[in-house]
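Nothing here was measured: the structure is a model prediction, and the numbers come from that model. In each ligand, atom 1 is the first atom listed, and ligand 1 is the first ligand listed.
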Amino acid sequence: MKFKTAIKPYHAAAGGWGSLEATTRFVFDSKRAIKNLRNLMRMNKAKGFDCPGCAWGDDNKSTFSFCENGAKAVTWEATRRHITAEFFARHTVSALRKQSDYFLEYQGRLTEPLCYNPETDHYEAITWQDAFALVASHIRAMDNPNQLELYTSGRASNEASYLYQVFGRMLGTNNFPDCSNMCHEASGSGLKRSIGVGKGTIRLDDFDKANAIFVFGQNPGTNHPRMLHSLRHAAENGARIVTFNTLRERGLERFADPQKPLEVVTPLAGNISSMYYQPNLGGDMAAVRGMAKALLETHRQHLKDGLPGIFDDAFIRKHTLGIEQWFAEIDNTSWDFITSQSGLSEQQLREAASIWQDSERVICTWAMGITQHKHSLDSVREIVNLQLLGGHLGKPGAGLCPVRGHSNVQGNRTMGIDEKPPAALLDSLAKHFDFTPPREPGHNTVEAIEAMLRDEVRVLITLGGNLAAAAPDSERTAEALSRCGLTVHISTKMNRSHLYPGINALILPTLGRTEEDIQESGRQFITVEDSFSMVHASEGIGKPLAATQRSETAIVAGIAAATLGCEKLDWLALSADYNLIRDHIAATIPGFTDFNEKCEEPGGFWLGNAAASYRFATPSGKAEFSAAPLPQSVTPVDAPFILQTLRSHDQYNTTIYGLDDRYRGVYGQREVLFMNPDDIAALGLKPGDDVDIETHWNDGIERKVTGFKLVSYAIPRGNLAAYYPETNPLIPLSSFGDGTGTPTSKSVPVSITASQPHPGLRLV
Ligand SMILES: Nc1nc2c(c(=O)[nH]1)N[C@H]1C(S)=C(S)[C@@H](COP(=O)(O)OP(=O)(O)OC[C@H]3O[C@@H](n4cnc5c(=O)[nH]c(N)nc54)[C@H](O)[C@@H]3O)O[C@H]1N2
Ligand SMILES: Nc1nc2c(c(=O)[nH]1)N[C@H]1C(S)=C(S)[C@@H](COP(=O)(O)OP(=O)(O)OC[C@H]3O[C@@H](n4cnc5c(=O)[nH]c(N)nc54)[C@H](O)[C@@H]3O)O[C@H]1N2
Ligand SMILES: [Mo]
């Protein structure tokens, strides 16, 4: 495949024609355009399926609610392109490894179960029955249940993930690594410590009521496009939108609603951010500390002048603990340190603080720019601290909003996909199913890979996802996968993880969310939970490509039945009728009483949020301020540059839809490095030059990628950006967040050198 490459800065608003054009091009390119469009129409409606794009919520008001990137996700899944065992008979696994991630998934949907033959290096067809029997025999041959790893990616339904965790725990393990370990772990853990619940406290309509919205480390124009509607609407209502983002991101500057044709042909596009600050990578905790320092100073001055203070004293007194220690820590933190770590001036931080102070209702949102650093847990807690000061919790238009990634990643946790399960969950499972679940914590994603490298893993099952490409330190992760006794991937499409088979390996082809799911008792629906704790039903409408594809729920049940038998729990009866699974969920998971009846509610039902009702499940029973010092430095190892690894506009995590990144002006290529023009000049280089990127780390291992094209970009000096997963080889497995285990994908210490010309091209 050849692509035309170009760098052409994008000047229009995000959304608008560009957005529509790209959407329709994508839809019409696909082989069944009309059906796809019908899919789009139904997306997010009561009787359609939940968009597999992101975890943003639905307002159920508009009749045609889709975004460009949701459209891509749907058409990518609903393609008629597919591969069978015949494809794998033509290509060895080693040959496929040389292909790009784009090529692999572009081949289309997987349609039949496949088993790796190490003698020929080919995947070959296998029956479902033999596949389940093979998994069961490997699991039964383990000496200890912790030789099993059960990975989950956040698309799996509540029903499939619930069965999956019951299966694992009945076997005796809590090894549930998941994509969340690489994603919002800091949000879950940080919020839990501060306010007792690891989820956001607001609902979608709170955006309409806020006076100010602070958006930290997030690129909604690409990753949560429907959020732009909420921000735009809020801005029109007079809310101030304050963005902290290391890069200039078009979607956070201006947005034209593609569903309002007038806006896209006239300059009516709405401005999004009132203020746009560009901190250093990892500088947000310092930035928030700076805001708090400015506020504290004003507060003390008010008290000195006999005026009322500026904080919500009643809220603080009644509901919080530890403010004095935090204030002492603020006093200990100098402006010099704050400004050098954040990269923002004292004046900028005072200005941001004054917007916060002038706003009666404040929302803070954040995503990977906050959660993928070493000090992410403390950063999340610092944002909570700020919100607690103003009592911005549990009132309309105010609160905390970690914006989740995968469309059901929050639901997976609710269903018990958790390597550190709360005792209450285990107690409830023990009682309901009458067994003794394991109590010791299991492995998160990094720990699972380390265990594989130590040859401790006999069986790895992945319920969706693509560990080989998504996890850090690609070379070591690939080796880790190859060391497993058996790898089992439950997947919709071919991906890199399939190309690092264990000693034995299976690929099990599954139905996607857009597809009809017919079981013995008839047509099934599944349920998901969005970022706002709304649970709702989702029912596919597309005809499956092949009778040999099975639903995720049926596959999990099939594995469990073959391994554990159906005497204790009739797994096959559960997969014949998902209502029965929901009855078990209702009996064991808080908030799901009368689950089946509640699924009838259009738009779904709200699980509630204890902290938003001033019930804090912390040790003290109060919301707890955190008094963590700022980190001495953002990375433990010094290097000339810090690199963040992020998403382009044409990808869904490791799935590459195309090679353009329109809003950042990059076309036909992905191996690019965004750098400040002064840094480019200081290195004696120019835009378009090829460079190598090398990690500085403390374990003597060389980590380097070569031949990345320099792109001059609005990014503070010393900071760099490049795409994931091409840069995953640079992230050391041992570099992860304190208390989160999340790989530090947004702060990799690196140096840059000009690439050596290719030997074949050298002039003599
Ligand atoms: N179309 C599409 N949608 C998606 C996804 C996708 O790949 N494609 N992925 C889904 C998933 S799983 C997730 S988790 C979300 C991810 O959603 P995002 O978090 O928006 O994803 P990233 O591309 O990693 O972008 C990180 C953003 O934070 C900024 N940033 C990075 N480091 C810092 C920092 O230290 N401080 C500040 N202030 N800013 C920083 C970057 O410049 C960038 O704008 O999106 C979900 N939705
Ligand atoms: N360097 C770097 N690394 C990162 C990140 C980063 O920002 N930088 N982000 C991290 C984040 S936030 C996340 S969430 C992880 C993502 O990690 P994963 O969730 O593991 O990766 P995905 O790319 O989302 O998984 C894609 C694969 O899922 C399968 N799939 C798609 N739909 C379905 C389905 O409906 N059912 C099933 N069973 N399979 C399906 C397809 O086979 C596809 O190839 O990556 C992390 N890795
Ligand atoms: Mo994510």
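Partner of L673 under the side chain to side chain contact (heavy atoms under 4.5 Å, CB included) criterion, out of L643, V750, V711: L643 alone. S747 pairs with exactly one of Q644, Q372, H373, H375 by the side chain to side chain donor-acceptor pair (under 3.5 Å) rule, that one being H373.
At least one N or O atom of G465 sits closer than 3.5 Å to an N or O atom of ligand 2. Residue A471 places no N or O, backbone or side chain, under 3.5 Å from any N or O of ligand 2. In terms of N/O distances under 3.5 Å, ligand 2 is approached by N466.
Using cut-offs of 30° and 60° for the angle between ring planes, the H649 and Y663 rings count as tilted.
Between the side chains of T365 and Q218, a donor-acceptor pair is found at a separation under 3.5 Å. Side-chain contact, Y723 with D661: a donor N or O sits under 3.5 Å from an acceptor N or O. No side-chain N or O of Y724 forms a donor-acceptor pair with one of Q651 less than 3.5 Å apart. No side-chain donor-acceptor contact under 3.5 Å links T645 and T727. Remark: the N158 side chain and the T527 side chain contain an N/O donor-acceptor pair separated by less than 3.5 Å.
Close approach of ligand 2 to N728 (heavy-atom distance below 4.0 Å) involves ligand atoms 1 (N), 2 (C), 3 (N). Every atom of ligand 2 is numbered from 1 in the order shown, and the set under 4.0 Å from a heavy atom of Y151 is 17 (O), 18 (P), 19 (O), 20 (O). Under a 4.0 Å criterion applied to the non-hydrogen atoms of T510, ligand 2 contributes the atoms 36 (N), 37 (C), 38 (N). Interface atoms of ligand 2 facing G464, defined by a heavy-atom separation under 4.0 Å, are 37 (C), 38 (N), 39 (N). Listed by number with element, the atoms of ligand 2 under 4.0 Å from a non-hydrogen atom of N495 are 27 (C), 42 (O), 43 (C), 44 (O). Proximity to E105 (heavy-atom distance under 4.0 Å) selects the following atoms of ligand 2: 43 (C), 44 (O). If you number the atoms of ligand 2 from 1 as listed, the ones under 4.0 Å from a heavy atom of I731 come out as 1 (N).
Residue T727 places every heavy atom at 4.0 Å or more from ligand 2.
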Would you mind writing out a table of all protein N or O atoms found under 3.5 Å from any N or O atom of ligand 1, naming both atoms and giving the distance to 0.1 Å?
{"from": "ligand 1", "atom 1": "1 (N)", "to": "N69", "atom 2": "ND2", "distance (Å)": "3.3"}
{"from": "ligand 1", "atom 1": "1 (N)", "to": "T222", "atom 2": "O", "distance (Å)": "3.2"}
{"from": "ligand 1", "atom 1": "3 (N)", "to": "N223", "atom 2": "O", "distance (Å)": "3.3"}
{"from": "ligand 1", "atom 1": "7 (O)", "to": "R647", "atom 2": "NE", "distance (Å)": "3.2"}
{"from": "ligand 1", "atom 1": "7 (O)", "to": "N653", "atom 2": "N", "distance (Å)": "2.7"}
{"from": "ligand 1", "atom 1": "7 (O)", "to": "N653", "atom 2": "OD1", "distance (Å)": "3.3"}
{"from": "ligand 1", "atom 1": "8 (N)", "to": "N223", "atom 2": "OD1", "distance (Å)": "3.4"}
{"from": "ligand 1", "atom 1": "8 (N)", "to": "Q651", "atom 2": "O", "distance (Å)": "2.7"}
{"from": "ligand 1", "atom 1": "9 (N)", "to": "R647", "atom 2": "NE", "distance (Å)": "3.1"}
{"from": "ligand 1", "atom 1": "9 (N)", "to": "N653", "atom 2": "OD1", "distance (Å)": "3.1"}
{"from": "ligand 1", "atom 1": "17 (O)", "to": "N223", "atom 2": "ND2", "distance (Å)": "3.4"}
{"from": "ligand 1", "atom 1": "19 (O)", "to": "M368", "atom 2": "N", "distance (Å)": "2.9"}
{"from": "ligand 1", "atom 1": "20 (O)", "to": "N219", "atom 2": "N", "distance (Å)": "2.8"}
{"from": "ligand 1", "atom 1": "20 (O)", "to": "N223", "atom 2": "ND2", "distance (Å)": "3.0"}
{"from": "ligand 1", "atom 1": "21 (O)", "to": "N223", "atom 2": "ND2", "distance (Å)": "3.0"}
{"from": "ligand 1", "atom 1": "23 (O)", "to": "N223", "atom 2": "ND2", "distance (Å)": "3.3"}
{"from": "ligand 1", "atom 1": "23 (O)", "to": "R647", "atom 2": "N", "distance (Å)": "2.9"}
{"from": "ligand 1", "atom 1": "24 (O)", "to": "R647", "atom 2": "NH1", "distance (Å)": "2.9"}
{"from": "ligand 1", "atom 1": "24 (O)", "to": "K746", "atom 2": "NZ", "distance (Å)": "2.8"}
{"from": "ligand 1", "atom 1": "28 (O)", "to": "G217", "atom 2": "O", "distance (Å)": "3.3"}
{"from": "ligand 1", "atom 1": "28 (O)", "to": "Q218", "atom 2": "N", "distance (Å)": "3.4"}
{"from": "ligand 1", "atom 1": "35 (O)", "to": "G282", "atom 2": "N", "distance (Å)": "2.7"}
{"from": "ligand 1", "atom 1": "35 (O)", "to": "G369", "atom 2": "O", "distance (Å)": "3.2"}
{"from": "ligand 1", "atom 1": "35 (O)", "to": "H373", "atom 2": "NE2", "distance (Å)": "2.8"}
{"from": "ligand 1", "atom 1": "36 (N)", "to": "D284", "atom 2": "OD1", "distance (Å)": "2.6"}
{"from": "ligand 1", "atom 1": "38 (N)", "to": "F244", "atom 2": "O", "distance (Å)": "2.9"}
{"from": "ligand 1", "atom 1": "38 (N)", "to": "D284", "atom 2": "OD1", "distance (Å)": "3.3"}
{"from": "ligand 1", "atom 1": "38 (N)", "to": "D284", "atom 2": "OD2", "distance (Å)": "2.8"}
{"from": "ligand 1", "atom 1": "42 (O)", "to": "N245", "atom 2": "OD1", "distance (Å)": "2.7"}
{"from": "ligand 1", "atom 1": "42 (O)", "to": "Q644", "atom 2": "NE2", "distance (Å)": "3.1"}
{"from": "ligand 1", "atom 1": "44 (O)", "to": "N245", "atom 2": "OD1", "distance (Å)": "3.4"}
{"from": "ligand 1", "atom 1": "44 (O)", "to": "N245", "atom 2": "ND2", "distance (Å)": "2.8"}
{"from": "ligand 1", "atom 1": "44 (O)", "to": "E249", "atom 2": "OE2", "distance (Å)": "2.5"}
{"from": "ligand 1", "atom 1": "47 (N)", "to": "N223", "atom 2": "O", "distance (Å)": "2.9"}

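We find that E185 and R404 are not joined by a salt bridge, their nearest charged nitrogen and carboxylate oxygen being 4.0 Å or further apart. Ionic pairing of D650 and R670 is not present here: no N-O contact between side-chain nitrogen and carboxylate oxygen is shorter than 4.0 angstrom. A salt bridge between R248 and E253 is present, with a side-chain N of the basic residue lying under 4.0 Å from a carboxylate O of the acidic one.
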